[in-house]
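Comments concern the structure below.
The figures here come from the full heavy-atom set of this structure, side chains too, leaving out hydrogens, waters and symmetry mates. Positions are given from 1 along the sequence.
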Amino acid sequence: MAKNPCAKRVTPETAYEVWQSYDGQWTYFVLKKYQSPEKEAQNPYARWLVFVKSPVYPNGWPEDGYVSSIKRGTRQIDNPLHRSLCVKEVSIQTLLEIGLSKYPATELVLRDVRLWQYLKLSIPPKDFDKVKRTLEEYEIAIVCIDAQDFVDRCLDDVRSSD
């Protein structure tokens, strides 16, 4: 039987996943999943413990919710409570080798083909300094930190490197 990798309760900063309504008004931080992915897929009443932020309760509240209801009308997003780093000339495999594979990494080539050597890392605030030090130790170039316009900054970096 498959083990449930999300059985331990976590905080919103370290949520397993984050789902948000398309208008950005509702955000669901997944704090715990009660079943393994295989069992959950077979159960129309599968539940998650989520921390919900909404216009009515901007500070949020924890509650159990049906997976099907949470996913309806939402999309999965990067955790907005995380800090972000964009790095260049590094692969996801390299992050694995240097011990940073637990942090979500997005290949920016998905945003623009010119960014084929760029990654965006999503890091809980308490781990940020440790991750930054590790990248510096391995001489991995950091293009920007916590930038809303990170794609533009990486594209500027590509142009200046030509």
Side-chain angles (χ1 to χ4, degrees), residues 2-33 35-38 40-41 48-53 58-60 62 67 70-71 74-162:
K3 191 173 183 222
N4 179 0
C6 305
K8 180 181 165 215
R9 183 177 176 160
V10 296
T11 65
E13 291 79 15
T14 57
Y16 293 109
E17 297 172 10
V18 181
W19 294 79
Q20 190 172 68
S21 61
Y22 290 104
D23 64 6
Q25 301 259 337
W26 291 75
T27 305
Y28 302 88
F29 297 84
V30 180
L31 306 182
K32 180 177 183 170
K33 295 182 178 187
Q35 295 181 300
S36 69
E38 297 78 19
E40 188 178 279
W48 289 340
L49 174 63
V50 291
F51 188 79
V52 185
K53 287 188 172 192
N59 294 331
V67 174
I70 293 164
K71 288 185 173 182
T74 62
R75 60 188 163 79
Q76 193 170 357
I77 63 166
D78 286 338
N79 191 327
L81 303 176
H82 281 192
R83 298 197 58 194
S84 64
L85 278 170
C86 291
V87 294
K88 69 177 181 178
E89 297 171 1
V90 66
S91 67
I92 290 176
Q93 178 62 36
T94 301
L95 294 178
L96 173 70
E97 292 165 5
I98 64 173
L100 297 180
S101 63
K102 77 176 191 178
Y103 303 104
T106 304
E107 294 178 320
L108 295 184
V109 68
L110 302 173
R111 299 278 185 108
D112 190 303
V113 293
R114 294 170 288 180
L115 299 178
W116 64 276
Q117 290 187 301
Y118 291 75
L119 297 175
K120 179 184 178 198
L121 299 175
S122 181
I123 307 155
K126 69 177 181 51
D127 293 354
F128 186 80
D129 290 336
K130 178 182 79 170
V131 170
K132 189 171 179 275
R133 270 194 313 277
T134 301
L135 293 169
E136 289 166 351
E137 270 175 40
Y138 286 91
E139 299 179 358
I140 294 171
I142 298 170
V143 178
C144 59
I145 297 173
D146 296 331
Q148 293 295 319
D149 60 343
F150 66 91
V151 171
D152 292 334
R153 289 183 184 219
C154 290
L155 286 169
D156 287 345
D157 187 72
V158 169
R159 285 190 282 275
S160 68
S161 300
D162 289 343

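- Within 6.0 Å of atom CD in E107, 12 or fewer heavy atoms from other residues, nucleotides or ligands are found, so the atom counts as exposed in its surroundings.
- The shortest side-chain heavy-atom distance between V30 and I70 does not fall under the 4.5 Å cut-off.
- Every residue two or more places apart in sequence or in another chain that forms a side-chain contact (heavy atoms from CB on, under 4.5 Å) with C6 is listed here: N4, Y16, K33.
- Ionic pairing of R153 and D156 is not present here: no N-O contact between side-chain nitrogen and carboxylate oxygen is shorter than 4.0 angstrom.
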How far apart are the C-alpha atoms of F128 and L85, what are their side-chain angles, what is the distance that settles it, and do they pass the side chain to side chain contact (heavy atoms under 4.5 Å, CB included) test? CA-CA 9 Å; F128 186 80; L85 278 170; 3.7 Å; yes
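- The heavy-atom pair separating N59 from F51 by the smallest distance is O-CZ, 3.2 Å.
- Separation of atoms SG (C154) and CD (Q117) is listed at 11.5 Å; rounding is to 0.5 Å.
- Of all the heavy atoms in T27 and G24, the pair that sits closest is OG1-O, 4.5 Å.
- Atom CG in L119 sits 12.5 Å away from atom OG in S84 (nearest 0.5 Å).
- Put simply, NZ on K88 and CH2 on W116 are 12.0 Å apart, with the number rounded to the nearest 0.5 Å.
- At distances below 3.5 Å, at least one donor-acceptor pair connects side-chain atoms of S21 with backbone N or O atoms of W26.
- By the 4.5 Å heavy-atom criterion applied to side chains, L95 and L121 are counted as neighbours.
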Evaluation steps, side chain to side chain contact (heavy atoms under 4.5 Å, CB included), between I140 and I98: CA-CA 11 Å; I140 294 171; I98 64 173; 3.7 Å; yes
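- Between L135 and L100 the shortest side-chain heavy-atom distance falls below 4.5 Å.
- Minimum interatomic distance between P12 and L31 (heavy atoms only, all atoms of both residues): N-CD2, 3.6 Å.
- Contact check for K53 versus P80: no side-chain heavy atoms found under the 4.5 Å cut-off.
- Proximity of R75 to Q20: side-chain heavy atoms (C-beta onward) are separated by under 4.5 Å at one or more points.
- For K32 against A7, the heavy-atom pair with the smallest separation is CE-O, 2.9 Å.
- Y22 contributes a side-chain N or O that, together with a main-chain N or O of T74, makes up a donor-acceptor pair within less than 3.5 Å.
- Partner of F29 under the side chain to side chain contact (heavy atoms under 4.5 Å, CB included) criterion, out of V10, N79, V50: N79 alone.
- Within the model, atoms CD of E89 and OG1 of T94 stand 11.5 Å from one another, a figure rounded to the nearest 0.5 Å.
- Rounding to the nearest 0.5 Å gives a distance of 3.5 Å between CG of D127 and OH of Y103.
- Here side chain to side chain donor-acceptor pair (under 3.5 Å) pairs that include residues 134-146, with residues two or more places apart or in two chains, are R83-D146, K132-E136.
- The distance from the CG atom of L155 to the CZ atom of R111 is 11.0 Å, given to the nearest 0.5 Å.
- Proximity of a side-chain donor or acceptor of H82 to a complementary backbone N or O of P125 within less than 3.5 Å is not detected.
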